[in-house]
Amino acid sequence: MNFEAVIGLEVHAQLATDSKIFCGCPARPPAGRSVAEIPPNANTCPICTGHPGTLPVLNEKVVDYAILAGIATRCSIRGKSVFARKNYFYPDLPKGYQISQYDEPICEKGWLEIQALPTSPDKRIGINRIHMEEDAGKNVHAHGYSLVNLNRAGVPLIEIVSEPELSSAAEAGAYLRSLHAVVTYLGISDGNMQEGNFRCDANVSVRPAGQKEFGTRVEIKNVNSFRFVEKAIDYEIQRQIGVIEGGGKIVQETRTFDSNKNVTISMRSKEEAEDYRYFPDPDLIPVRVTEARVNRLRSELPELPDAVKRRFMTELGLSAEDAAALTSTRDLALFFEEALQALSETGIDRAKGAKALANWLTGEVGRLLNESGVEIRNSRLTVVHLADLVRVTLEGAVSSTGAKQALSEAWSTGESIPAVVARLGLKQVSDLGELEPAVEKVIAAFPGQAAEFRAGKEKLLGFFVGQVMKATGGKANPALLQELVAKKLKQMGDS
Amino acid sequence: MAEISEALTRRVAELARLRLSQAEVTQFTGQLQQILSYVDQIQAVDVTDVEPLIYPNASREAADSSREPAFRADRVVEPRNAADGSPKVLEAAPEIHEGAFQVPQIV
């Protein structure tokens with residue numbers, strides 16, 4: 001039997017506000033510090049720890065950021081939305097309920113365009129809703145006791161719920177990347193998955209191809225990287241098909257992904273939605289949002305990743321793949337544009353420079369960033385490094401091998417490209433007067449091969465080029481050298 | 001009227017992480033049933049044209065739908081510390097371990 005998968009994603013994005021959603025406690029560590037460096041409970045007060053008699057007051061920026069997310073995903077913005085209490089009993093939640101939104105969320109019914117592969121057609125994925133809510137605290141379980149840290153309690157989140165319209169792990173990955181790009185371009189979330197400020201739960205079910213009704217769904221909780229989400233969904237689809245084909249039934253449950261074994265594991269049977277006993281929070285009056293506010297936010301909307309990507313393709317002639325990679329984060333796209341600007345000022349053709357820059361950023365530089373887990377803005381590399389690197393290779397002053405070496409030096413020390421090139425003697429010899437004697441010497445040393453070349457065995461050209469490279473310590477300009485060797489081989493044969 | 005069974009009482013107790021004896025299950029099942037009968041009396045009132053009252057100042061709020069609520073500006077108010085520099089909230093904690101509230105083992 002053929003099966004098809006039905007996938008819906010719930011993304012929690014932490015909003016990049018300074019203070020929490022309902023009180024003035026810091027919502028995140030100071031710049032350059034990580035969450036782990038903040039002492040437990042240092043960012044708490046009577047409000048976010050749920051003391052009796054306290055009242056929440058809504059942070060205006062949370063409303064603005066949620067609306068921006070809604071506008072960017074073509075949602076309709078509700079003029080009136082309502083906070084509700086989601087009741088559950090667990091020590092990460094001091095009040096005994098989470099303040100969230102239920103039947104009247106701030107944004108509804110939007111969509112996002114995705115491309116599962118650079119070559120696939122665009123697919124529109126519906127967004128069911130975006131709502132505002134507070135995060136819960138963090139529990140650490142030890143032997144015989146548990147510890148509660150409420151620094152995260154009350155940190156503002158938006159939850160973005162997709163329609164169940166994704167049909168493969170690749171589509172789910174593309175949707176997440178696209179959504180991640182949107183929130184980071186808007187500047188409303190840092191989107192750092194390792195720090196937990198962009199988290200994803202996936203609802204996965206399978207059904208016989210063509211069947212209308214959905215199969216029983218399983219929720220995969222809190223997977224913390226795009227790649228792991230894809231792997232977890234792939235595994236879950238295969239697991240469910242296996243269960244059904246083996247005559248079994250899918251149990252509605254919550255599972256977690258084990259990234260070491262690449263499997264999903266059952267966590268607990270899911271409580272029914274009714275068990276949360278949602279009701280409107282009487283401490284918070286409905287959130288009225290005026291047209292004027294929505295219009296002001298709409299006018300402040302920055303250029304979104306889709307538009308930047310299209311611009312890179314049409315104006316600079318970049319491939320869809322390069323354009324997608326360069327626009328995956330706003331920082332990388334800005335870095336690329338600034339480097340291109342610096343490069344254009346040196347008189348290099350924009351399209352040519354753009355292509356070469358894209359190659360470096362998606363290739364060697366991308367590899368260094370991935371390996372170190374550093375964001376480009378936090379690395380030692382500057383736009384000047386990249387512009388210099390592209391310029392010296394396009395001008396033929398440094399070979400591509402030499403340029404890679406220069407990049408690796410600049411990466412670890414921050415030294416300028418011209419300085420590294422000078423210090424390591426990476427400049428390639430492009431002076432014919434300097435190369436000619438070396439070429440003649442090599443040809444004279446291999447008379448047999450020279451004769452074979454002249455008799456038509458042209459692939460021996462590479463052999464001679466290699467020999468001269470060896471003799472000159474790899475510094476000869478390869479294009480120039482190839483031309484010169486071919487010319488000399490013919491000339492010396494004629495004489 | 002909805003029937004409260006002993007099984008339902010046990011389920012609610014489980015969700016609230018309460019451990020009940022059989023005597024308590026019997027007792028609470030009866031009491032919950034009584035509460036529901038009381039709610040039934042209230043539900044008998046016809047409220048077809050009455051707006052639900054959720055918020056104490058709902059009438060003022062409804063009178064002017066163009067009015068936004070009083071928001072809080074996104075400004076940090078530094079949390080208070082105790083005299084020894086540790087977070088003030090921990091003063092109320094019965095047990096503390098390495099700056100965290102210590103509670104009975106959860107999992």
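Quick caveat, the model's predicted, so the values are computed rather than measured.
- No part of A:Phe279 comes within reach of chain B, as not one of its non-hydrogen atoms sits under 4.5 angstrom from that chain.
- Most heavy-atom pairs under 4.5 Å with chain B: of the set A:Gly137, A:Gly96, A:Cys23, this distinction falls to A:Cys23.
- Neither the backbone nor the side chain of A:Asp283 comes within less than 4.5 Å of any heavy atom in chain B.
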Apply side chain to side chain contact (heavy atoms under 4.5 Å, CB included) to residues A:Ile21 and A:Ile99 and explain how you reach the verdict. CA-CA 10 Å; A:Ile21 182 168; A:Ile99 304 178; over 6 Å; no

Return a table of donor-acceptor pairs under 3.5 angstrom between the side chains of residues 96-107 of chain B and protein atoms on other chains or two or more places apart.
unit_1   : atom_1 : unit_2   : atom_2 : d
B:His97  : NE2    : A:Tyr145 : OH     : 3.4
B:Gln105 : OE1    : A:Gly144 : N      : 3.2
B:Gln105 : NE2    : B:Val107 : O      : 3.0

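- Looking at A:Lys20, only its backbone comes within 4.5 Å of chain B, counting heavy atoms on both sides.
- Among the candidates A:Pro26, A:Cys45, A:Cys48, the residue making the largest number of heavy-atom pairs closer than 4.5 Å to chain B is A:Pro26.
- At a 4.5 Å heavy-atom cutoff, the contact between A:Leu150 and chain B is made by side-chain atoms alone.
- Using a 4.5 Å cut-off between heavy atoms, A:Ala292 makes no contact with chain B at all.
- Neither the backbone nor the side chain of A:Val62 comes within less than 4.5 Å of any heavy atom of chain B.
- Of the listed residues (A:Val289, A:Thr17, A:Val287), the one with the most heavy-atom contacts under 4.5 Å to chain B is A:Thr17.
- The distance from atom OG1 of A:Thr184 to atom CG of A:Asn192, rounded to the nearest 0.5 Å, is 11.0 Å.
- There is no contact between A:Val140 and chain B, counting heavy-atom distances below 4.5 Å.
- The side-chain contact (heavy atoms from CB on, under 4.5 Å) test with A:Gln101 is passed by exactly one of A:Glu159, A:Glu133, A:Met132, A:Arg78: A:Met132.
- Looking at A:Arg129, its side chain does come within 3.5 Å of a backbone N or O of A:Tyr102 through a donor-acceptor pair.
- Of the atoms belonging to A:Thr44, heavy atoms from both backbone and side chain fall under 4.5 Å from chain B.
- In this structure, B:Arg17 is not positioned above the aromatic face of A:Phe89 in the sense of NZ or CZ being under 6.0 Å from the six-membered ring centre and within 45° of the axis.
- There is no contact between B:Ala93 and chain A, counting heavy-atom distances below 4.5 Å.
- Separating the CD1 atom in A:Ile38 from the CG atom in A:Asn149 is a distance of 10.0 Å, to the nearest 0.5 Å.
- Judged by a 6.0 Å distance limit and a 45° cone about the ring axis, A:Lys86 is positioned over the six-membered ring of A:Tyr276.
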